[in-house]
Amino acid sequence: MSLLEVTDLQVEYASPRGAFKAVDGVSFSIERGEIFGLAGESGCGKSTTAFGISRLLRPPARLAGGRVLFDGQELTGMPELAFQAFRWSRMSVVLQSAMNNLNPVMRVGSQLTDVILAHEPGTSARDAWSRAESLLALVELPADRLRSYPHELSGGMRQRVVIAMSLALRPDLIIMDEPTTALDVVTQQGIVRRIVELKKELGFAVLFITHDLPLMLEICDRIGIMYAGKMAEIGRADRLLRGARHPYTQGLLRAFPSLTGPKVRIAGIPGSPPDLVSPPAGCRFQPRCAHAVAACSAAQPAMTAADAGGSVACHLYETEEAGHEPVAASRQR
Ligand code: SF4
């Protein structure tokens, strides 16, 4: 059984023109101890997917359908109070802006111990403080920082505090939505390295969301590529790097410079994503796809199993058995 199973997730935003289908039938699973990345252009629905799973959607967004199973337990119908307890203890969330959401008039130590005491009320204040010290050590901050106010810390330190907070109850899954985007590159590297080390030490799984595809390819075990509210391709990071199958994934990879591969011209994907109030019939990528065939404007491609445990939603691969060649492998990083 997977740790997290998301099936046919649908999230809509109410708009004067009708429902904006930000996430439309997204399915994927995350295994224990795995880092699963969600990638795609801005507005593709990756953060909305995370918000839908963790019930952080705010009006006008609403969960319009789908099912979320966590360790076999149905989350979608769980009462709100039960879910709030669940969200910290089994599944925690680190958002890009979280470091700015620390309470400015409370010392870091009080904010960390509050989380522990709220969920484990039998814990003594001394034990909670001692656990808070250990949590800071996990994110490589000295214990005396517990007495600091958030404004006395750098952005990187505040984000480490938020990550420490997300680890307070030893969750099985941490959802990280652009956890380092607001930080400088060196700080980003330090935090990402520590996240990966902690994942190995503590065994939690991560749903990692970022627009930084090269970073994702480096740290994730598997990656789901989203386009216009749908999942386009899921595959092992090394498999996507060697040769992505979906034309959109290939386009994304061509849009990033290679650190180690040969010099190639960086190319964007022509066109722009569709209007999700009235998306085009057929494949949503069709207006931008250089490989489109007649079927692409007639019917939406279904997710089809690919090699190495991956899957791809593209008509080219539905008919692969009938003799079609896969799209040429993408560039190497
Ligand atoms: Fe391109 Fe057609 Fe595949 Fe969509 S289904 S990505 S339009 S080839």
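Whatever order the structure lists ligands and atoms in, that order sets their numbers, starting from 1. What you see below is based on every heavy atom in this structure, not just the backbone, and it leaves out hydrogens, waters and symmetry mates.
Below 4.0 Å from some heavy atom of C296 lie the following atoms of ligand 1, by number and element: 2 (Fe), 5 (S), 7 (S), 8 (S). In the vicinity of Q286, heavy-atom distances shorter than 4.0 Å reach the ligand 1 atoms 7 (S). Close approach to P247 involves these atoms of ligand 1, each under 4.0 Å from a residue heavy atom: 6 (S). Listed by number with element, the atoms of ligand 1 under 4.0 angstrom from any heavy atom of L316 are 8 (S). Heavy-atom contacts of H291 reach the following atoms of ligand 1: 8 (S) (cutoff under 4.0 Å). Each of the atoms 6 (S) of ligand 1 lies under 4.0 Å from some heavy atom of H246. Interface of C289 with ligand 1, defined as ligand atoms under 4.0 Å from a residue heavy atom, comprises 1 (Fe), 6 (S), 7 (S), 8 (S).
For CZ of R193, the number of neighbouring non-hydrogen atoms (other residues, nucleotides, ligands) closer than 6.0 Å is greater than 12.
With a heavy-atom cut-off of 4.0 Å, C314 touches ligand 1 through backbone and side chain alike.
Here the heavy atom of the protein found nearest to atom 5 (S) of ligand 1 is H315 N, 3.2 Å. With respect to atom 4 (Fe) of ligand 1, the closest heavy atom belonging to the protein is C283 SG, 2.4 Å.
R222 forms no cation-pi arrangement with F36, by the criterion of a distance under 6.0 Å to the ring centre and an angle within 45° of the ring axis.
At a threshold of 4.0 Å, the pair D221-R236 does not count as salt-bridged, since none of the basic side-chain nitrogens sits closer than that to a carboxylate oxygen.
A donor-acceptor contact shorter than 3.5 Å is absent between the side chain of D71 and the backbone of Q73. Using a distance-only test at 3.5 Å, with no hydrogens or angles considered, no donor-acceptor pair links the side chain of E233 to the main chain of V312.
Classification of the Y248-Y227 ring pair by plane angle, with boundaries at 30° and 60°, yields tilted.
Tested against M216, the residues I209, T210, I35 include a single side-chain contact (heavy atoms from CB on, under 4.5 Å) partner, T210.
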